[in-house]
There are 2 protein chains.
Amino acid sequence: MRKRTIENYVELVYDVQKGKKRVHTNDIASALNITPASVTEIFQKLSNEGYVSYKKYCGIKLTNKGLNVALKIKSKHSTLKEFLIILGIDRDIAEKDACEMEHILHPSTMDTVIKFVEVVKNCEITPFWLERLKEYVKTGKLSKCPEEFYELCKNYQKIKN
Amino acid sequence: MRKRTIENYVELVYDVQKGKKRVHTNDIASALNITPASVTEIFQKLSNEGYVSYKKYCGIKLTNKGLNVALKIKSKHSTLKEFLIILGIDRDIAEKDACEMEHILHPSTMDTVIKFVEVVKNCEITPFWLERLKEYVKTGKLSKCPEEFYELCKNYQKIKN
DNA sequence: TTAAATTTTTAGGCATGCCTAAATTATATA
DNA sequence: TATATAATTTAGGCATGCCTAAAAATTTAA
């Protein structure tokens, strides 16, 4: 199976599994609008590769290996979604784009995104540059950056060097 | 053909086409490390869908339709790469991640990214928040945001409301 | 508890994007 | 201008992730 496929299925299985003992073909099939027959095939492959334990006619359950993948992907997903929302992307679009990005970004890119989100969340108030960006996206007009900011930045940089 | 496949091939054809009249199977095959036979198949499909004009044994040339797709994708690519580089991602990783992101992001997300890059490039000096982020990524330590910044932000927001 | 309904699996197919090997066409050179 | 060489195409295969139709197992309910 492709990395992407594994990640998507394992992630979904994780979500569906909550509050259930086992996940059945129908659960996945209806969630994805595909046929149960296709899901059976996926279950068998996920099982062969050790992501789930599978018993015919009884559905599946994530193994530790599968659980780890699921947790990692879910963590990436929520960080990326937060990241996009911070930038001003609509929640549902952020959700979809995060769904794609979670599979492709390099670990070091993910690391930067994680820290970006952390930095912004750490701010007591919405950062100025972010306000300006959102305004620009909304109105199409980019306001000029006030002189005081430049001064402050310059001073700060002098101090550091 | 899948959207992603079309975009990838058309983009590559555009790059290879520069300074040549026609692009040959071998050009693409060697660039992608796949066999010329596979490229022939791709050429035929690209041609069927109107992205290139194709004459047997003579290679292909982008049509206007293909050129438009190529230009759009290349524009997305370079914006995304710039975006990632601004955030502090290494150039080669930025290159690879941009290659993936260019196919998946929602237009409104792209719009925000475009404006983000514009806003940062518009700054006379590297924004303070970006300095802090990069430092955090590099050292693992997040410095506290100076009080003056908060004050300035607050004042600015009062003025606007 | 046995028949009906539902769920799951099997078997066989299909499109995609790749492959190899062999045939065809173009080109370079003697 | 032949002919050897190189490039391209055709033909047939393969893995993936999906499909349908039919078979098998399970569950429900009479």
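In the text below, chain A, chain B and the rest are named by the order of the sequence lines, each starting its count at 1.
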Worksheet item: Within the structure, does a side-chain N or O atom of B:Thr25 lie under 4.0 Å from either OP1 or OP2 of D:dA7?
Response: no
Worksheet item: Does the distance from a Lys or Arg side-chain N to an Asp or Glu carboxylate O, for A:Asp15 and A:Lys74, drop under 4.0 Å?
Response: yes
Item to complete: Mind calculating the distance between CD1 (B:Ile28) and P (C:dG17) to the nearest angstrom?
Response: 15 Å
Worksheet item: Counting side-chain heavy atoms from C-beta on, which of C:dC19, D:dT16, C:dT25 comes nearest to B:Tyr57?
Response: C:dT25
Practice prompt. Can you tell me the distance, in whole Å, between the CD atom of B:Glu41 and the C1' atom of D:dT9?
Written response: 11 Å
Worksheet item: What's the spacing between B:Lys72 NZ and B:Met110 CE if we round to 0.5 Å?
Response: 12.5 Å
Worksheet item: 5'-most contact on DNA chain D: A:Ala37 or A:Ile6, nearest heavy atom basis?
Response: A:Ile6
Worksheet entry | Value in whole Å for how far the P atom of D:dT9 lies from CG of B:Leu46 | 13 Å
Worksheet entry | Contact under 4.0 Å: A:Gln44 side-chain N or O vs C:dT8 OP1/OP2 | no
Discussion item. Tell me the interatomic distance from A:Ile60, atom CD1, to C:dT8, atom P, rounded to whole angstroms.
Written reply: 11 Å
Practice prompt. Report yes if at least one side-chain N or O of B:Thr40 is closer than 4.0 Å to OP1 or OP2 of D:dT8; otherwise report no.
Written response: no
Worksheet item: Is there a path from A:Phe83 to B:Ile104 through hydrophobic residues (I, L, V, M, F, W, Y) whose side chains come within less than 4.5 Å of each other?
Response: yes
Response to the item:
Testing C:dT9, D:dC18, D:dT16 for proximity to the side chain of A:Ile34, the answer is D:dC18
Worksheet item: Rounded to the Å, how far apart are B:Ile42 CD1 and C:dG17 P?
Response: 6 Å
Practice prompt. Can you tell me the distance, in whole Å, between the CG atom of B:Asn33 and the C1' atom of C:dC19?
Written response: 14 Å
Item to complete: Establish, with yes or no, whether the OP1 or OP2 oxygen of C:dT10 is under 4.0 angstrom from a side-chain nitrogen or oxygen of A:Lys56.
Response: yes
Practice prompt. Take the protein atom NE2 of B:His24 and the nucleotide atom P of C:dT27, then report the distance between them rounded to whole Å.
Written response: 8 Å
Practice prompt. Using only side-chain N and O atoms of B:Tyr9, determine if any of them is under 4.0 Å from OP1 or OP2 of C:dC18.
Written response: yes
Practice prompt. Sort out for me which residue in A:Ile34, A:Thr35, A:Val39 forms a side-chain contact (heavy atoms from CB on, under 4.5 Å) with A:Thr25.
Written response: A:Val39
Discussion item. Side chain to side chain contact (heavy atoms under 4.5 Å, CB included), that's the test. Do B:Val52 and B:Tyr9 meet it? Break it down for me.
Written reply: CA-CA 10 Å; B:Val52 304; B:Tyr9 276 102; over 6 Å; no
Discussion item. Between A:Asn26 and C:dT8, is there a contact of a side-chain N or O with OP1 or OP2 at under 4.0 Å?
Written reply: yes
Item to complete: State which residue, out of A:Val113, A:Thr79, A:Ile89, fulfils the side-chain contact (heavy atoms from CB on, under 4.5 Å) condition with A:Leu84.
Response: A:Ile89
Fill in: Spacing of A:Glu7 atom CD relative to D:dG17 atom C1', expressed in whole Å
16 Å
Worksheet entry | B:Lys55 side chain near D:dT8 phosphate (N/O to OP1/OP2, under 4.0 Å) | no
Item to complete: Verify the contact: side-chain N or O of B:Ser38 to OP1 or OP2 of C:dC19, cut-off strictly under 4.0 Å; return yes or no.
Response: yes
Worksheet item: Going by atom types only, do B:His103 and B:Asn8 share a side-chain donor-acceptor pair under 3.5 Å?
Response: yes
Review item, nucleotides 1-5 of chain D N/O atoms under 3.5 Å of protein N/O:
none

Discussion item. With heavy-atom distances below 4.5 Å as the criterion, would you say the side chains of A:Ile73 and A:Val10 are in contact?
Written reply: no
Practice prompt. Respond yes when some side-chain nitrogen or oxygen of B:Thr35 is under 4.0 Å from OP1 or OP2 of C:dC19, and no when none is.
Written response: yes
Worksheet item: Between D:dT9 and B:Tyr54, is there an OP1 or OP2 to side-chain N/O distance shorter than 4.0 Å?
Response: yes
